[in-house]
Protein chains: 2
Amino acid sequence: MALNASRKPVLDGEECDMSGWDMNNCPVRDVLDRIAGKWSTLLLEALARQPYRFGELRRLVPDISQRMLTQTLRDLQRDGYIEREVFPTKPPSVEYRMTDLGRSLFEPLSKVLRWAEANHPSVKAARVKYDESELA
Amino acid sequence: MALNASRKPVLDGEECDMSGWDMNNCPVRDVLDRIAGKWSTLLLEALARQPYRFGELRRLVPDISQRMLTQTLRDLQRDGYIEREVFPTKPPSVEYRMTDLGRSLFEPLSKVLRWAEANHPSVKAARVKYDESELA
DNA sequence: ATCGTTAGTCTCAAAAAGAGACTAGCACTA
DNA sequence: TAGTGCTAGTCTCTTTTTGAGACTAACGAT
């Protein structure tokens, strides 16, 4: 097929080394499916600066529900990115802080965040262009 | 509050420059909410290597539904990361390929992917540890 | 006595995702 | 010439995920 032929030479000799991917049981998917959530990066960004308590995080991210805040924090804790410490104050207070593993993840992750900030205009422009061409 | 006092000195003078974040209308959220999907990074990773056609992508990521494949590709296209080209073959074939903007995004993104690969064992270990301490 | 504060949990409704049938036009085969 | 398969999707139905908001329990302050 002509179409195929024009694309194939890209990685000659292996044609498509996706074979080594093993989509199920893929480390990248296993790790990323967790930090790819809507709230995960946001909370990691906050906790990368300093520790916060549950209520502080809730006020910091006003449109997160308590349910999702609890759940996302648990997930991040389970994967080892953050720690949870309970202080036996009268109404018990709980502090969340980033672990070394979390900080190590946040280093490359923060670069994506900075890319997003820097390229937000380009993305918005692309959306406008797409939407215009759609209503044709 | 003693608890607070012990955490505050981290970033003295501003205490919490989250005030500049403006959670709603936040560029980082606006951009990341799209590429944070379950399938987005996976498709970007594939298309970063070479262009693919719809059916090829479907075979490459066996557990994606056609519905989500279509939708995710459209989202990525709308944000300007990939392009879609239709070839007027007898059953029309459609090729998807990465744009310059997409490649520019993929550069920092790929570092997160590599982090995930490298640190998969640590994450799995953290999960085991967490699950063990939970059933106590 | 009542109110506010803590960190959640619980329930119900709404939104998103997954599974799989279905389309149309052409090529190949029997 | 009927049957089968290929293409890139769309449509519908079910299941899962998420969001909104009420509720808890013990203590301090008013």
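Labels below follow one simple rule: chain letters A, B, ... track the order of the sequence lines, proteins then strands, and each chain is numbered from 1. For the numbers below, each heavy atom of this structure counts, side chains included, while hydrogens, waters and symmetry mates do not.
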| Is the CD atom of A:Glu107 crowded by more than 12 outside heavy atoms at less than 6.0 Å? | no
| said: At 4.0 Å (heavy atoms only), tell me whether B:Arg58 reaches a base, stays on the sugar-phosphate, or touches nothing. | reply: nothing
| query | Does A:Lys38 place a side-chain N or O at less than 4.0 Å from the phosphate oxygens OP1/OP2 of C:dA16? | reply | no
| query | Taking the nucleotide of DNA chain D with the closest heavy atom to each, which residue, B:Arg59 or B:Thr70, is nearer the 5' end? | reply | B:Arg59
| B:Ile64 has an atom CD1; how far is it from atom C1' of C:dG18, in whole Å? | 11 Å
| said: Check B:Arg127 with A:Asp30, please: is the shortest side-chain N to carboxylate O separation under 4.0 Å? | reply: yes
| message | Rounded to whole Å, please give me the gap between CD in A:Glu95 and P in C:dT6. | response | 14 Å
| Between CG of B:Asp33 and NZ of A:Lys38, what distance do you get to the nearest 0.5 Å? | 6.0 Å
| said: So, taking the atom named CG in B:Leu57 and the one named CD in B:Gln66, what distance separates them when rounded to the nearest 0.5 Å? | reply: 12.5 Å
| said: Does C:dG8 have OP1 or OP2 under 4.0 Å away from a side-chain N or O of A:Arg84? | reply: yes
| message | Judged by each residue's nearest nucleotide on DNA chain D, which is more toward the 5′ side, B:Gln66 or A:Met68? | response | B:Gln66
| What pair of heavy atoms forms the shortest contact from B:Thr99 to B:Gly80, and how long is it? | OG1-O, 2.6 Å
| remark: Its 5'-most and 3'-most nucleotides having an atom under 4.0 Å from a non-hydrogen atom of chain A, DNA chain D is contacted over D:dT18 to D:dC27
| Lys/Arg N to Asp/Glu carboxylate O, A:Arg34 vs A:Asp79, below 4.0 Å | yes
| field | Spacing between A:Phe87 atom CZ and C:dT5 atom C1', to the nearest angstrom | value | 17 Å
| Step by step, would you call B:Leu105 with A:Asn119 a side chain to side chain contact (heavy atoms under 4.5 Å, CB included)? | CA-CA 9 Å; B:Leu105 162 65; A:Asn119 295 273; over 6 Å; no
| Between A:Pro92 and B:Lys90, who's closer to the 5' end of DNA chain C by nearest nucleotide? | A:Pro92
| query | Do B:Arg67 and C:dA17 share a donor-acceptor pair, side chain to base, under 3.5 Å? | reply | yes
| message | Please tell me if B:Trp39 has a side-chain N or O lying less than 4.0 Å from either OP1 or OP2 of C:dG18. | response | yes
